[in-house]
Protein chains: 2
Amino acid sequence: MDMATLGELERSVMDLLWDSAEALTAGDIRDGLARGDAAGTGKDLAVTTVLTVLSRLEAKNFVTRDRDTRPHLFHASTSRAAHMAELMHEVLGAAPDREAVLARFVGQVSPSEVAALRRMLDGK
Amino acid sequence: MDMATLGELERSVMDLLWDSAEALTAGDIRDGLARGDAAGTGKDLAVTTVLTVLSRLEAKNFVTRDRDTRPHLFHASTSRAAHMAELMHEVLGAAPDREAVLARFVGQVSPSEVAALRRMLDGK
DNA sequence: CATTGATTTCTACGTCATGTAAAATATGGA
DNA sequence: TCCATATTTTACATGACGTAGAAATCAATG
């Protein structure tokens, strides 16, 4: 059950999907990448490249594809926050000394985030 | 400044080093791996293989090597907890919506760990 | 229904990280 | 000096990813 990791481009594509409320077409993504919307340095890629990446992301269950519309529509299957949180849990889960890790982790959280954490814990 | 990631074998080697109080020789590690001490499924590797991996880990600054003794002595340059915590921060840092991620993260922490977290936050 | 332009799928290749280890070299004693 | 042991070099296979051309498919339209 371990989370597949993402490459640079794959990550950029996910960022575009995550940052967009609606589903996007391969073309939309291609343009977003060209425009440099996501961190991915304004690369000018072929649409087939984007489609290949999208297929791989689909295989990894990171995106879902709507095949009923003509330019297929793609959307992230998980929110970025959920994904990131899961990644963090995965790291934590790989350690035998979980509490020690948590301690270190908390030790380096910024003050404002410490406050946020307190609130979160209280509201549980 | 991004943390290099570790492969399967590299990770097993680090686990052995992390689990050992003292520094180890390549032979020690080879044996530990053969014995199946670390998660690494009891692989029977050549010592040169282990040395190659150790060199790579050294390049990645995960281990330090003592060249003054004959069989060189290797030891982890960071504790596992510190490494894991750093990884977690790296994931968190890659998200624009840090608090959202933290919220999700906390949402899935076990009760006992929630308590631990509270204590940690209090003692700050 | 045949044609064509758009879209998707297949196929392919380069590169890089990693696992793996033999060959070559260095080193420290006998 | 010579040997046994340890380290460094060199090498190759594999798999993930970036990248995209070629081939196949599909939807509209004449």
Side-chain angles (χ1 to χ4, degrees), chain A residues 2-17 23-34 36 38-75 87 90 94, chain B residues 2-17 23-34 36 38-75 87 90 94:
Chain A
D2 76 313
M3 174 105 311
T5 89
L6 301 178
E8 197 63 32
L9 180 54
E10 291 177 326
R11 178 56 203 276
S12 298
V13 170
M14 284 312 297
D15 276 334
L16 286 176
L17 288 172
L24 302 177
T25 68
D28 292 339
I29 293 177
R30 199 215 76 90
D31 296 343
L33 291 173
T41 21
K43 304 202 136 193
D44 218 316
L45 303 168
V47 166
T48 53
T49 297
V50 175
L51 278 166
T52 300
V53 170
L54 282 168
S55 293
R56 287 178 182 164
L57 287 172
E58 193 187 14
K60 293 181 186 176
N61 291 308
F62 273 86
V63 308
T64 296
R65 174 200 305 242
D66 193 348
R67 287 191 154 83
D68 299 328
T69 63
R70 193 38 181 164
H72 290 178
L73 284 177
F74 299 83
H75 61 82
L87 272 189
E90 197 165 297
Chain B
D2 75 314
M3 174 107 310
T5 90
L6 301 179
E8 197 62 33
L9 179 54
E10 291 177 328
R11 178 58 204 277
S12 299
V13 170
M14 284 312 297
D15 276 334
L16 287 177
L17 287 172
L24 302 176
T25 67
D28 292 339
I29 293 177
R30 199 215 74 90
D31 296 342
L33 290 173
T41 21
K43 305 201 133 195
D44 218 316
L45 303 168
V47 163
T48 54
T49 296
V50 174
L51 278 166
T52 298
V53 169
L54 283 167
S55 293
R56 287 178 182 163
L57 287 172
E58 191 186 15
K60 293 182 185 175
N61 290 308
F62 273 85
V63 308
T64 296
R65 173 202 305 243
D66 193 348
R67 286 189 152 85
D68 298 328
T69 62
R70 192 39 178 159
H72 291 178
L73 284 177
F74 299 83
H75 61 84
L87 271 189
E90 197 165 298

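Proteins come first, then strands; the chains are lettered A, B, ... in the order of their sequence lines, and each starts at number 1.
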Heavy atoms from C-beta onward define the side chain here; which of [options] lies closest to that of [X]?
{"X": "B:Glu10", "options": "D:dT7, D:dG18, C:dG19", "result": "C:dG19"}
{"X": "A:Arg65", "options": "D:dT9, D:dT19, C:dT8", "result": "C:dT8"}
{"X": "B:Thr48", "options": "C:dG19, D:dA22, D:dT8", "result": "D:dT8"}

Using a heavy-atom cut-off of 4.0 Å across all strands, would you classify [X] as base, sugar-phosphate, or nothing?
{"X": "A:Leu51", "result": "base"}
{"X": "B:Thr52", "result": "base"}
{"X": "B:Arg67", "result": "sugar-phosphate"}

> Under 4.0 Å between a side-chain N/O of B:His72 and OP1 or OP2 of D:dA6, yes or no?
Replying inline: no
> Does a side-chain N or O from A:Thr49 land closer than 4.0 Å to OP1 or OP2 of D:dT19, or not?
Replying inline: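 A:Thr49 to D:dT19 OP1/OP2: no side-chain N or O under 4.0 Å.
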> Closest nucleotide of DNA chain D for A:Val50 versus for B:Thr69: which of these residues is on the 5' side?
Replying inline: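 The 5'-side residue here is B:Thr69.
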> Hey, which of these two, B:Phe74 or A:Ala46, hits DNA chain D nearer its 5' end, going by closest nucleotide?
Replying inline: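 Whichever sits nearer the 5' end wins; that is B:Phe74.
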For [X], check side-chain hydrogen bond (donor to acceptor under 3.5 Å, both in side chains) against everything at least two apart and list the hits.
{"X": "B:Thr25", "result": "B:Asp28"}
{"X": "B:Asp68", "result": "none"}
{"X": "A:Arg11", "result": "A:Asp15"}

Can you tell me how far the [atom1] atom of [X] sits from the [atom2] atom of [Y], to the nearest 0.5 Å?
{"X": "B:Leu17", "Y": "B:Leu54", "atom1": "CG", "atom2": "CG", "result": "6.5 Å"}
{"X": "A:Arg67", "Y": "A:Leu73", "atom1": "CZ", "atom2": "CG", "result": "12.5 Å"}
{"X": "B:Leu87", "Y": "B:Leu6", "atom1": "CG", "atom2": "CG", "result": "8.0 Å"}

Nearest-Å distance, [atom1] ([X]) to [atom2] ([N])?
{"X": "A:Leu45", "N": "D:dG21", "atom1": "CG", "atom2": "P", "value": "11 Å"}
{"X": "A:Glu8", "N": "C:dC16", "atom1": "CD", "atom2": "P", "value": "14 Å"}
{"X": "A:Leu54", "N": "C:dC10", "atom1": "CG", "atom2": "C1'", "value": "16 Å"}
{"X": "B:Asp44", "N": "C:dG19", "atom1": "CG", "atom2": "P", "value": "17 Å"}
{"X": "A:Leu9", "N": "D:dA16", "atom1": "CG", "atom2": "P", "value": "17 Å"}
{"X": "B:Leu6", "N": "C:dT18", "atom1": "CG", "atom2": "C1'", "value": "11 Å"}
{"X": "A:Arg11", "N": "D:dG18", "atom1": "CZ", "atom2": "P", "value": "12 Å"}
{"X": "B:Asp28", "N": "D:dT5", "atom1": "CG", "atom2": "C1'", "value": "15 Å"}

> Closest approach of A:Val47 and A:Arg30, non-hydrogen atoms and distance?
Replying inline: CG2-CD, 3.4 Å
> Heavy-atom contacts under 4.0 Å between residues 55-63 of chain A and DNA chain C, which residues?
Replying inline: A:Arg56
>> If the condition is side chain to side chain contact (heavy atoms under 4.5 Å, CB included), which residues does A:Ala39 pass it with, not counting sequence neighbours?
In response: none
> Of all residues at least two apart in sequence or in a different chain, which pass the side chain to side chain contact (heavy atoms under 4.5 Å, CB included) check with B:Ser12?
Replying inline: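 Testing B:Ser12 for side chain to side chain contact (heavy atoms under 4.5 Å, CB included), a comparison that skips the adjacent residues, returns B:Leu33, B:Ala38.
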Mind listing the N/O atom pairs, protein and nucleotides 25-30 of chain D, below 3.5 Å?
| residue | atom | partner | partner atom | Å |
| --- | --- | --- | --- | --- |
| D:dC26 | O4' | A:Arg70 | NH2 | 3.2 |

Can you list, pair by pair, the side-chain donor-acceptor contacts under 3.5 Å of residues 55-63 of chain A, counting residues two or more places apart and other chains?
| residue | atom | partner | partner atom | Å |
| --- | --- | --- | --- | --- |
| A:Ser55 | OG | A:Leu51 | O | 3.1 |
| A:Ser55 | OG | A:Arg65 | NH2 | 3.1 |
| A:Glu58 | OE1 | A:Arg65 | NE | 3.2 |
| A:Glu58 | OE1 | A:Arg65 | NH2 | 3.2 |
| A:Lys60 | NZ | A:Thr5 | O | 3.2 |
| A:Lys60 | NZ | A:Glu10 | OE1 | 2.9 |
| A:Lys60 | NZ | A:Glu10 | OE2 | 3.0 |

